[in-house]
Amino acid sequence: MNDYTEEINRRRTFAIISHPDAGKTTLTEKFLLYGGAINLAGSVKGKATARHAVSDWMEIEKERGISVTSSVLQFEYDGYCINILDTPGHQDFSEDTYRTLMAADSAVMVIDASKGVEAQTRKLFKVCVMRRIPIFTFINKLDRDANDTFDLLDDIEKELGIATCPLNWPIGSGKEFKGVYDRENKCVISYSDTQKGTKEGIATEIPLQEETRLRETIGDGAVDRLLEEMELLDGAGADFDLEAVRAGDLTPVCFGSALTNFGVEIFLKHFLNMTTTPLPRKSDIGMIEPTEKEFSAFVFKIQANMNRAHRDRIAFMRICSGKFDAQMEVRHVQGGKVMRLSQPQQIMADERKILSEAYAGDIIGVFDPGLFSIGDTLCVPKEKFCYEGIPTFAPEHFARVRQMDTMKRKQFVKGIEQIAQEGAIQIFQEFNTGLEEIIVGVVGVLQFDVLKYRLENEYNVEIRLDNLPYEHIRWIENKEEVDIAKLTGTSDMKKVKDMKGNPLLLFVNSWSIGMTLDRNKGLVLTEFSRN
Ligand code: G4P
């Protein structure tokens with residue numbers, strides 16, 4: 001315990017995960033609206049604004065008009081201090097998107113009610129499961145025609161393997177959307193389009209016992225169907241169990257419509273009620289409780305080259321314990337140095353503000369002259385512990401990379417190694433042929449362009465990328481027990497090694513992975529590397 005326990009305990013730090021277009025941005029805007037962080041939803045982080053924002057971040061960002069970086073938003077609501085971590089999607093999906101989840105204590109999963117679970121949600125969900133963090137589901141766009149509610153829940157359970165517990169239940173959808181039934185309070189909240197940008201709009205609550213009034217308001221058909229579905233659900237659905245939610249085994253589900261601002265504040269309230277205060281984190285001296293120690297943090301993301309002229313970087317860190325003060329000296333454990341962090345700042349959408357203090361649960365960005373690596377620990381000078389490292393996630397796109405001018409080998413290797421060290425790309429080599437060729441792996445294809453652009457602009461090296469057909473990569477977990485040379489896979493399998501010499505296998509499809517496992521009994525493959 002320390003004297004800022006209260007500040008720490010009012011913090012809630014979560015990531016929003018979804019497939020592009022499910023409504024993540026719209027929902028975030030509505031959260032900010034309730035928190036009073038913005039007056040009119042859309043004015044801070046509306047897509048259109050983001051698209052045209054002139055930031056001095058990477059040039060490529062400006063050229064493409066997309067945000068390569070993920071941002072952090074902080075706002076106050078009902079006594080809570082909330083940190084939302086955005087997980088970028090579309091083409092700018094990258095390993096950073098996964099790493100962001102390493103800094104969150106819970107996740108909000110937004111699902112489009114007419115689509116169900118989609119590819120990107122599935123990928124991000126896997127990382128949440130690995131961390132066993134609580135996941136809260138918001139099924140969005142009920143004002144449009146939606147899939148059957150039972151089917152939607154079934155889809156989540158089957159596709160993601162997590163039990164669901166609906167906190168409310170939609171009554172119709174699209175033109176027939178009448179509202180939701182609040183299971184805890186046993187009342188119907190009738191749908192009213194509470195107008196896109198404003199907070200006002202009073203939804204009417206009608207207790208289930210007031211059947212006549214209910215029938216008058218939402219109609220006989222809707223009431224009959226609701227009663228029928230409730231009977232089914234009470235017989236079949238999982239019971240609410242906060243322990244299971246906290247362990248990531250059960251996801252509470254709310255239905256609503258972010259665009260019309262229906263069901264958002266109730267979801268936020270439920271969520272804040274159930275989610276956790278900043279979680280303890282594993283280190284080499286055991287679990288560190290947020291309130292137990294003085295300042296400590298770990299770097300989860302490095303944003304390179306915000307200012308091209310200086311080749312500078314910003315290291316994003318999650319504070320894990322205690323209080324950060326801009327004047328304090330901290331130890332960078334991996335670098336073995338005690339220092340003051342330079343220009344600590346909070347990154348809010350496209351704005352940055354210099355901050356003087358922050359607490360466990362918060363995310364800060366600091367100027368990094370090239371000292372930090374992903375996963376590094378910072379703590380007070382008298383301490384020396386290290387937080388558990390951040391895993392390396394499996395890239396899904398691969399290309400062979402060659403420099404056009406063979407005389408520039410040195411710059412090429414230096415550049416590509418530095419970019420890999422920042423975590424934007426992963427580089428591999430042939431396993432034992434001694435060929436000097438480099439294979440690059442990325443989580444999102446845009447990173448290929450980023451690599452090409454940066455090598456040309458920062459290192460003056462032109463490269464050629466030849467795409468390779470591989471889509472899956474697996475680390476060999478029990479590499480000590482396996483004779484890699486003798487390992488037999490499918491004909492299209494390729495053996496490579498990473499920068500640290502770890503053996504890996506590249507596969508064209510998931511069928512080949514299965515075949516290789518079948519042919520090599522005892523082989524253990526993983527999608528994340530903790531080496
Ligand atoms: P994302 O961040 O997950 O990619 O999704 P975003 O919030 O940008 O929403 C994607 C589209 O879906 C947007 O429309 C948005 O207005 C719409 N949308 C979000 N929530 C709801 C909802 O509850 N109901 C309905 N009907 N639509 C919703 P767009 O036309 O693609 O973009 P915009 O021009 O409105 O920005």
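Whatever order the structure lists ligands and atoms in, that order sets their numbers, starting from 1. Values in this document were obtained by computation on a predicted structure and should not be read as measured data. Along the sequence shown, the residues carry numbers beginning at 1.
- The proximity of R144 to ligand 1, defined as any non-hydrogen pair under 4.0 Å, is limited to the side chain.
- Using a 4.0 Å cut-off to heavy atoms of T26, the atoms of ligand 1 that qualify are 6 (P), 7 (O), 9 (O), 15 (C), 19 (C).
- Side-chain contact check for Y181 versus K186: some heavy-atom pair is nearer than 4.5 Å.
- Using the six-membered ring where Trp is involved, F14 and F271 have ring planes that are perpendicular, over 60° apart on the 30 and 60° scheme.
- No N or O atom of T260 sits closer than 3.5 Å to an N or O atom of ligand 1.
- Backbone and side-chain nitrogen or oxygen atoms of L259 are examined, and one is located within less than 3.5 angstrom of a nitrogen or oxygen of ligand 1.
- Residue contacts with ligand 1 for D21 involve both N, CA, C or O and side-chain atoms from C-beta outward (heavy atoms, distance under 4.0 Å).
- Note: an N/O pair closer than 3.5 Å links G23 and ligand 1 by distance alone.
- For the pair K178 and Y191, the cation does not sit on the ring face, since its NZ or CZ is not both under 6.0 Å from the ring centre and inside 45° of the axis.
- Within the listing of ligand 1, atoms 4 (O) sit less than 4.0 angstrom from a heavy atom of P20.
- Under a 4.0 Å N-O distance rule, the pair D105/R246 does not qualify as a salt bridge.
- Contacts between S18 and ligand 1 below 4.0 angstrom, taking non-hydrogen atoms only, involve the side chain exclusively.
- For F267 and F255, the distance between ring centers is not under 6.0 angstrom.
- Within the 4.0 Å heavy-atom criterion, the part of D143 lying near ligand 1 is the side chain and not the backbone.
- Looking only at side-chain heavy atoms (C-beta outward), F507 and S510 stay at 4.5 Å or farther from each other.
- Looking at heavy atoms from C-beta onward, S114 lies out of side-chain contact with R144 at the 4.5 angstrom threshold.
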